[in-house]
Asker: 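This is the structure I have questions about; it appears just below.
Reminder, nothing fancy here: chain letters follow the sequence lines and each chain counts from 1. All values below were derived from every heavy atom in this structure, side-chain atoms included, with hydrogens, water molecules and symmetry-related copies excluded.
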2 protein chains.
Amino acid sequence: MVKLMPDTKPYEMKEENINKASKALKAMGHPLRLKILCVIGEQELPVMDIVSKVGTTQSNISQHIDILREKEIITSRREGSKILCKVRDPNILKLMEAMQATFCPVN
Amino acid sequence: MVKLMPDTKPYEMKEENINKASKALKAMGHPLRLKILCVIGEQELPVMDIVSKVGTTQSNISQHIDILREKEIITSRREGSKILCKVRDPNILKLMEAMQATFCPVN
DNA sequence: ACAGAATATAGTTATACAATGAAATGGTGA
DNA sequence: TCACCATTTCATTGTATAACTATATTCTGT
């Protein structure tokens, strides 16, 4: 068994890690949100930059960013008049690399 | 930028890979479905085994398995009276290992 | 051909998500 | 302090998901 719940047998499984992981996957499992994450990558980007790179309404992006923040996928801080967003956990970027390997056939 | 869409600039981005990836993430982003995947791992398992290991109704599991099949995360084949399910793409298991690294703090 | 096991499907109901447009907040520079 | 830019919040509406129960289908062994 792939151990998202290390050192447990099926019937004794702690659900905790499953739940954390599935919440994060759910948060990332929306095309706009995934695109937001791709666009941010290792950078710190102001919301309006994300809006223009991703391409939908500012309000819509703002709400998706909020979801990513709630789910602790990204963080943001104010700098002057702008809010800068970045991916919170380097492991998330790792995860995205794994997705790239999985879903991006080599040209 | 993390390249889920290799060799493209933001405005020229093909959406294709983003869409594939987000569909898969969405499919995996439900606790029961993630648990199903963990339980199957590298094995081939009959539905009833999954039911008993995951622990909800047969009907519910069947429907989630169906979703995983539609989204091409798992495949299944009949052997005698049983339907055996397995994870379709080894890359999905890789992805799950990456999730494990991300979401399972070491004990 | 029949009984029973294994799995799938359907119908229903409740809940969650997504997109939109309009309005509100908070910071900045003249 | 006023006008403006960046961002958030709100209300609404439509659509998608989830769970449940009951029923149907398909195979197996006798």
Asker: Answer yes or no: does a side-chain N or O of B/Arg78 lie under 4.0 Å from OP1 or OP2 of C/dT7?
Answerer: no
Asker: Does a side-chain heavy-atom distance below 4.5 Å link B/Ile67 with B/Arg33?
Answerer: yes
Asker: Looking only at side-chain N and O atoms, does A/His30 come under 4.0 Å of OP1 or OP2 in C/dC17?
Answerer: no
Asker: What is the separation between atom CD1 on A/Ile36 and atom P on D/dT7, rounded to the nearest whole Å?
Answerer: 13 Å
Asker: For A/Gly29 and for A/Ser81, find the nucleotide of DNA chain C with the closest heavy atom, then tell me which residue's nucleotide is more 5'.
Answerer: A/Gly29
Asker: Evaluate the side chain to side chain contact (heavy atoms under 4.5 Å, CB included) criterion for residues B/Leu45 and B/Cys85: first the C-alpha distance (whole Å), next the side-chain angles of each, then the deciding distance (0.1 Å), finally the verdict.
Answerer: CA-CA 5 Å; B/Leu45 279 189; B/Cys85 301; 5.6 Å; no
Asker: Check whether any side-chain heavy atom of A/Met28 sits under 4.5 Å from a side-chain heavy atom of A/Ile92, and report yes or no.
Answerer: yes
Asker: Taking only heavy atoms on the protein side, list every residue of residues 55-72 of chain B lying under 4.0 Å from any atom of DNA chain C, sorted numerically.
Answerer: B/Gln58, B/Ser59, B/Ser62, B/Gln63, B/Arg69
Asker: Hey, are B/Arg69 and B/Thr75 close enough side-chain-wise for a donor-acceptor pair under 3.5 Å?
Answerer: no
Asker: More 5' along DNA chain C: B/Ile83 or A/Leu32, using each one's nearest nucleotide?
Answerer: B/Ile83
Asker: Starting from A/Val39, can I reach A/Met48 by hopping between I/L/V/M/F/W/Y residues whose side chains sit under 4.5 Å apart?
Answerer: yes
Asker: Nearest-Å distance, NZ (A/Lys35) to C1' (C/dA18)?
Answerer: 16 Å
Asker: Quickly work out the B/Met48 CE to D/dT28 P distance and round it to whole Å.
Answerer: 18 Å
Asker: In whole angstroms, how far is the P atom of C/dC17 from the NZ atom of A/Lys23?
Answerer: 11 Å
Asker: Take the protein atom CD of B/Glu79 and the nucleotide atom P of C/dT7, then report the distance between them rounded to whole Å.
Answerer: 12 Å
Asker: Tell me the interatomic distance from B/Lys26, atom NZ, to C/dC17, atom P, rounded to whole angstroms.
Answerer: 11 Å
Asker: Find the distance between CE (B/Met96) and CD1 (B/Ile40) and round it off to the nearest 0.5 Å.
Answerer: 9.0 Å
